[in-house]
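Just the heavy atoms: all of them, side chains too, but no hydrogens, waters or symmetry mates, feed the values below.
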Amino acid sequence: MGSLPLQFSGLKCSPLSSSSLFSKPSLWTQQSQKRVSITIANSIAIANAQNKERARLKKLFEEAYERCRNAPMEGVSFTIEDFTAALDKYDFDSEVGGKIKGTVFYTDNNGAVVDITAKSSAYLPLQEACIHRVKHVEEAGLVPGFKEEFLIIGENSIDDSLVLSLRSLQFDLAWERCRQLQAEDVTVKGKIVGVNKGGVVAELEGLRGFVPLSQISTNSNVEELLDKELPLKFVEVDEEQSRLVLSNRKAVAGNQAQLGIGSVVTGSVQSLKPYGAFIDIGGINGLLHVSQISHDRVTDISTVLQPGDILKVMILSHDRERGRVSLSTKKLEPTPGDMIRNPKLVFEKAEEMAQTFRQRIAQAEAMARADMLRFQPEVFIGLLFVQNSESNKSLRNCKD
């Protein structure tokens, strides 16, 4: 125990003082000071960079300002002439009644939006999309990307956008087409879409024309003509008065000139009656009597023919004044009863059998003339004299 104080007395410690506590900073303090110094240095560097960028931009702005004021087109490839040409290229007449080219880029149930390279798009209403009635503009071929020339018919007061039309342009083309067809005296097909006391209304070329009762050749009830097609010719085409008058009688008369006794024509069965079938042969209704269908007896016409059937018939007679034509398939049968058992064969052999029929008729007429010459020569000579006189008269008229 006595040695313990001696042991402690050997330990020496330097005295504490205030200067010894704060003379050297600690490690944490040194790191904090270092971070602050770096932050300050970075801030100064960023500020210097921003100042340099501001100075550079200011200089560029001043140079640009001087160029705009003293030499505005220096170094610019797009010249004033190019700018003027671009304006001319996209310039258009936006007045009502003017025409403009555009491209459809959107469609909906009410119409189509059209790009006309203007400050705002134009709109094509559904009712102005086509000369025919359509439920959607796509039925008229208007889809995104479709390019066409449109007519300006109005302006939307809400957004100053233009209202366009294709229907008006198509009407103009339809009237022009009708004038051409009238000048060429062409026979056209028209669908009957309406009936009134004075006649029927026919639709053709997208227009509606009137066919007076006096210009209808068929004796059928006009009500039965609804939704049917008739051959028509133009009588009057007046676009200013919106008058389009047509004639079925003139068209039929032109077709009748081509009908000859013994000729073969193609027709379609229109209706069946107990006594025969009515056949449409180019706008003329001819009667195929039940006795002229086949050599074999036909008790029920519906077992042989049906409305809509296409067949070839021979012209037996033609009353131009009454507009009646008698037809036959019986004369075209290769063997009796073929019209009942093999109508397809009758169709294929129709011209051949008609030629044979005409040859038989010619032979019969020759034999009749020979008999007349043998038994009544004075009558035959008189007939020849009359025929020669008529022939000479016709020649004189042709020369005159």
Side-chain angles (χ1 to χ4, degrees), residues 127-128 130-134 140 151 165-261 263 265-271 278-287 307 313 315 317-327 397-398:
Q127 62 271 21
E128 294 294 333
C130 186
I131 194 172
H132 303 285
R133 290 184 179 180
V134 294
L151 180 70
S165 173
L166 281 176
R167 179 171 174 266
S168 300
L169 295 178
Q170 292 172 358
F171 266 120
D172 293 340
L173 292 175
W175 281 105
E176 179 62 27
R177 175 65 175 161
C178 289
R179 284 191 291 268
Q180 292 177 354
L181 293 173
Q182 182 188 30
E184 297 171 5
D185 196 29
V186 175
T187 298
V188 297
K189 288 281 189 177
K191 184 178 181 180
I192 306 304
V193 295
V195 175
N196 55 43
K197 294 182 179 180
V200 297
V201 179
E203 186 177 84
L204 71 163
E205 298 294 332
L207 302 176
R208 291 196 171 194
F210 180 65
V211 186
L213 284 175
S214 61
Q215 294 299 318
I216 300 176
S217 64
T218 179
N219 295 325
S220 304
N221 188 340
V222 291
E223 297 288 346
E224 298 178 1
L225 298 177
L226 271 175
D227 296 326
K228 293 184 178 180
E229 287 190 343
L230 291 181
L232 302 167
K233 281 195 174 184
F234 295 91
V235 176
E236 182 180 357
V237 180
D238 189 343
E239 182 179 1
E240 292 183 0
Q241 300 295 327
S242 295
R243 282 178 57 85
L244 185 62
V245 183
L246 308 163
S247 172
N248 170 243
R249 190 174 294 277
K250 287 180 64 177
V252 169
N255 292 336
Q256 286 179 347
Q258 302 174 1
L259 298 179
I261 306 302
S263 61
V265 295
T266 301
S268 62
V269 179
Q270 294 297 302
S271 61
F278 284 97
I279 314 297
D280 179 12
I281 49 174
I284 303 172
N285 278 330
L287 175 63
V313 293
I315 307 297
S317 64
H318 183 195
D319 187 341
R320 297 181 185 275
E321 293 182 359
R322 296 185 179 182
R324 295 179 179 177
V325 181
S326 297
L327 309 172
N397 291 335
C398 291

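- Within the model, atoms CG of L151 and CG of L166 stand 9.0 Å from one another, a figure rounded to the nearest 0.5 Å.
- How far CG of N248 is from CG of L213: 11.5 Å, rounded to the nearest 0.5 Å.
- Proximity of F210 to N196: side-chain heavy atoms (C-beta onward) are separated by under 4.5 Å at one or more points.
- Atom-to-atom distance recorded for I279:CD1 and T266:OG1 is 11.5 Å, nearest 0.5 angstrom.
- By the 4.0 Å N-to-carboxylate-O rule, K191 lies too far from E203 to be salt-bridged with it.
- Distance check: R249 CZ to S214 OG gives 7.5 Å after rounding to the nearest 0.5 Å.
- Annotation: side chain of V188 is not in contact with side chain of P231 (no heavy-atom distance under 4.5 Å).
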Could you walk me through whether R179 and E239 pass side-chain contact (heavy atoms from CB on, under 4.5 Å), step by step?
CA-CA 9 Å; R179 284 191 291 268; E239 182 179 1; 3.0 Å; yes

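- You'll find the side chain of I315 reaches within 4.5 Å of the side chain of V265, heavy atoms only.
- In this structure, CG in D238 is found 7.0 Å from CH2 in W175, a value given to the nearest 0.5 Å.
- Across K233 and V186, no two heavy atoms sit closer than the pair CG-O, 3.9 Å.
- Side-chain atoms of L246 and Q215, non-hydrogen and from C-beta on, never get closer than 4.5 Å to each other.
- Between atom OG of residue S242 and atom CZ of residue F171 there is a gap of 9.0 Å, rounded to the nearest 0.5 Å.
- Residues L204 and F234 form a side-chain contact, since some pair of their non-hydrogen atoms from C-beta on lies under 4.5 Å apart.
- In this structure, E128 and S168 have side chains that are in contact, with non-hydrogen atoms separated by less than 4.5 Å.
- Applying the side-chain contact (heavy atoms from CB on, under 4.5 Å) test between E205 and each of I131, L181, L244 identifies L181 as the sole match.
- With a 4.5 Å cut-off on side-chain heavy atoms, S247 and V235 count as touching.
- Under 4.0 Å is where a charged nitrogen must lie from a carboxylate oxygen, and between E229 and K189 no such pair does.
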Applying side-chain contact (heavy atoms from CB on, under 4.5 Å) to V200 and I216, what does each step give before you reach the verdict?
CA-CA 9 Å; V200 297; I216 300 176; 3.9 Å; yes

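- If you check the side chains of Q270 and S268, you find a donor sitting under 3.5 Å from an acceptor.
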Report the C-alpha separation of R167 and C130 in whole Å, then their side-chain angles, then the decisive distance to 0.1 Å, and conclude whether the side-chain contact (heavy atoms from CB on, under 4.5 Å) test is met.
CA-CA 5 Å; R167 179 171 174 266; C130 186; over 6 Å; no

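- When all heavy atoms of A140 and V134 are compared, the closest pair comes out as N-CG1, 4.5 Å.
- With contacts defined as side-chain heavy-atom distances shorter than 4.5 Å, the pair V211/L230 does not qualify.
- Here the closest heavy-atom approach between residue I281 and residue G267 is recorded as CG2-CA, 4.0 Å.
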